[in-house]
There are 2 protein chains.
Amino acid sequence: MLTRSEEDHIKAVYALLQEDDSAFTKDIAERLHTKASSVSDMLKKLADKGHLKHEPYYGVKLTAKGHALALQLVRKHRLWETFLVERLGFGWDEVHEVAEQMEHVASEKLIDKLDNYLGHPSFDPHGDPIPDRHGRIRARRTKRLSACQQGDTVRIAAVSGTTDGLLRLLDAKGLRIGTVLNVQEVHAFDGSMDVKPKSGSAFSLSKDVSHHLQVENA
Amino acid sequence: MLTRSEEDHIKAVYALLQEDDSAFTKDIAERLHTKASSVSDMLKKLADKGHLKHEPYYGVKLTAKGHALALQLVRKHRLWETFLVERLGFGWDEVHEVAEQMEHVASEKLIDKLDNYLGHPSFDPHGDPIPDRHGRIRARRTKRLSACQQGDTVRIAAVSGTTDGLLRLLDAKGLRIGTVLNVQEVHAFDGSMDVKPKSGSAFSLSKDVSHHLQVENA
DNA sequence: AAAAAAGATTAGACTAGTCTAAAAAACGGG
DNA sequence: CCCGTTTTTTAGACTAGTCTAATCTTTTTT
Ligand SMILES: [Mn+2]
Ligand SMILES: [Mn+2]
Ligand SMILES: [Mn+2]
Ligand SMILES: [Mn+2]
């Protein structure tokens with residue numbers, strides 16, 4: 001059995017590998033609010049246990065074993081988030097920290113029953129896909145809103161890097177998963193973007209925000 | 001914030017104080033599957049933190065602070081057990097270990113929302129009372145079935161010391177919380193007892209079993 | 001290509017939790 | 001009331017996780 005800290009490290013590596021093809025000590029430390037030296041130690045231990053390959057100074061990759069484990073953790077995290085929002089009535093900006101704890105409860109049966117209870121959801125409250133019990137993820141082709149052109153009409157599929165502040169900003173602007181937007185204008189100066197929801201008037205989004213919105217063609 | 005181990009120790013002390021007016025090192029160790037020396041250390045720490053009074057060699061008592069904390073932990077444990085049985089469909093013999101982990105998830109909001117979601121239950125799946133958010137417990141006067149006389153008609157209110165084996169035995173005999181029994185005969189030789197449920201034929205219960213059944217007059 | 005900066009690892013220390021073995025205290029039956 | 005048994009505490013050791021400071025390694029800049 002892995003400890004909470006070990007699990008969090010594997011999950012951090014997995015998340016970083018989603019973006020890049022190698023994960024680095026500094027970024028893992030930042031994600032876990034810890035220090036690079038602590039991560040170094042942990043990487044050695046997890047490499048010994050066969051969850052990842054650590055090429056010192058050149059980053060980390062997950063083994064098949066580590067990858068499967070990461071998917072189970074992501075599954076647990078996202079199922080709990082879904083439960084918290086859909087059943088208990090939490091806001092989507094309030095669930096991350098709690099799910100960060102609940103994902104470490106060890107019980108295969110628990111997570112399967114939870115999955116069943118929730119009706120086998122495919123996406124969590126932030127639009128992120130929930131791996132099934134075999135680790136399979138529903139494929140989607142999304143792009144960042146910041147990569148869209150004037151005239152594009154897109155649907156918000158997911159919010160990446162879900163910090164509370166960003167989620168509350170989206171709430172305030174009435175943006176949620178599924179909202180359809182038309183890109184009216186992109187300002188070269190600051191990368192900000194004017195968008196118009198299907199119903200309602202247009203408004204502006206900073207590049208900071210549009211960068212974190214994953215969209216699909218509507 | 002307390003660690004999982006600290007919380008488990010406080011809960012163990014609380015449980016033992018329900019039976020006796022002082023809790024002892026050895027019994028705490030046994031309950032937590034740990035050693036007396038480890039408990040000694042922990043008691044010192046918890047005494048320093050003001051959760052309990054430790055009179056070396058003469059046992060432990062909880063302070064008001066420790067008592068309040070224990071009640072919150074018991075509340076969390078029993079609410080999670082209720083969730084697991086009533087919502088996720090676990091058997092009452094399968095939930096203890098899982099709840100033992102979930103009770104340590106730290107979030108006031110979570111437990112209040114869970115309580116609300118479950119409809120503010122007063123008793124857990126084993127018939128044990130669930131403290132409300134202020135630590136208040138619904139009072140009941142129960143006695144052990146083993147203390148009953150021939151002719152008594154009683155209702156099963158709770159199963160104490162809920163080990164998996166006992167719960168499965170009760171399942172097998174069709175006994176559950178709320179079952180009404182008539183005591184037909186008590187055998188002096190081994191303390192076994194013949195009981196007859198309202199509907200169905202009589203059968204025998206060992207003293208070991210009747211000792212763990214809390215009943216109230218029906 | 002050398003110097004500077006950034007990033008990573010190692011060394012050494014500290015806390016928390018646990019254990020075994022040994023010493024100390026309390027208890028209980030003659 | 002004494003002696004052996006039980007219980008508890010203490011002493012010392014070990015693992016896990018974390019940190020700071022020092023020492024590499026790699027990358028970037030001049
Ligand atoms: Mn976590
Ligand atoms: Mn999420
Ligand atoms: Mn516990
Ligand atoms: Mn219970």
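Between the B/Asp132 side chain and the B/His134 main chain, a donor and an acceptor come within less than 3.5 Å of each other. Side-chain N or O atoms of B/Arg140 include none that pairs as donor or acceptor with a backbone N or O of B/Pro129 at under 3.5 Å.
Between the CG atom of A/Leu32 and the P atom of D/dC19 there is a distance of 10 Å, given to the nearest Å. Taking atom NZ of A/Lys26 as the reference point, atom C1' of D/dT25 lies 16 Å away to the nearest angstrom. The OH-P distance, from A/Tyr58 to C/dA8, rounds to 12 Å in whole Å. B/Glu55 places its CD atom 14 Å from the C1' atom of C/dA25, with the value rounded to the nearest Å. If you measure from atom NZ of B/Lys49 to atom P of C/dT15, you get 13 Å, rounded to the nearest angstrom. Atom pair A/Asp48:CG and D/dT15:P shows a separation of 14 Å (rounding to whole Å applied). If you take CG of B/Asp41 and P of D/dG12, they are 13 Å apart, rounded to a whole angstrom. The nearest whole Å value for the distance from the NZ atom in B/Lys35 to the C1' atom in D/dC14 is 16 Å.
Tested against B/His77 for a side chain to side chain contact (heavy atoms under 4.5 Å, CB included), the candidates B/His96, B/His104, B/Met102 yield a single pass: B/His96.
Checking the phosphate oxygens (OP1, OP2) of D/dC19, a side-chain nitrogen or oxygen of A/Ser38 falls inside 4.0 Å. Of the side-chain N and O atoms in B/Tyr57, none sit less than 4.0 angstrom from OP1 or OP2 of D/dT9. Taking 4.0 angstrom as the limit, A/His33 places none of its side-chain polar atoms (N or O) nearer than this to OP1 or OP2 of D/dT18.
Between A/Arg75 and A/Asp112 a salt bridge is recorded (basic side-chain N to carboxylate O distance below 4.0 Å).
Contacts of A/Ser40 with the nucleic acid, taken as non-hydrogen atoms under 4.0 Å apart, include base atoms.
Within the 4.5 Å cutoff, the side chain of A/Leu118 has heavy atoms near those of the A/Arg87 side chain.
Comparing B/Arg4 and A/Val39 against DNA chain C, the residue whose closest nucleotide sits nearer the 5' end is A/Val39.
For A/Ser37 against D/dT20, a side-chain N or O and a base N or O form a donor-acceptor pair under 3.5 Å.
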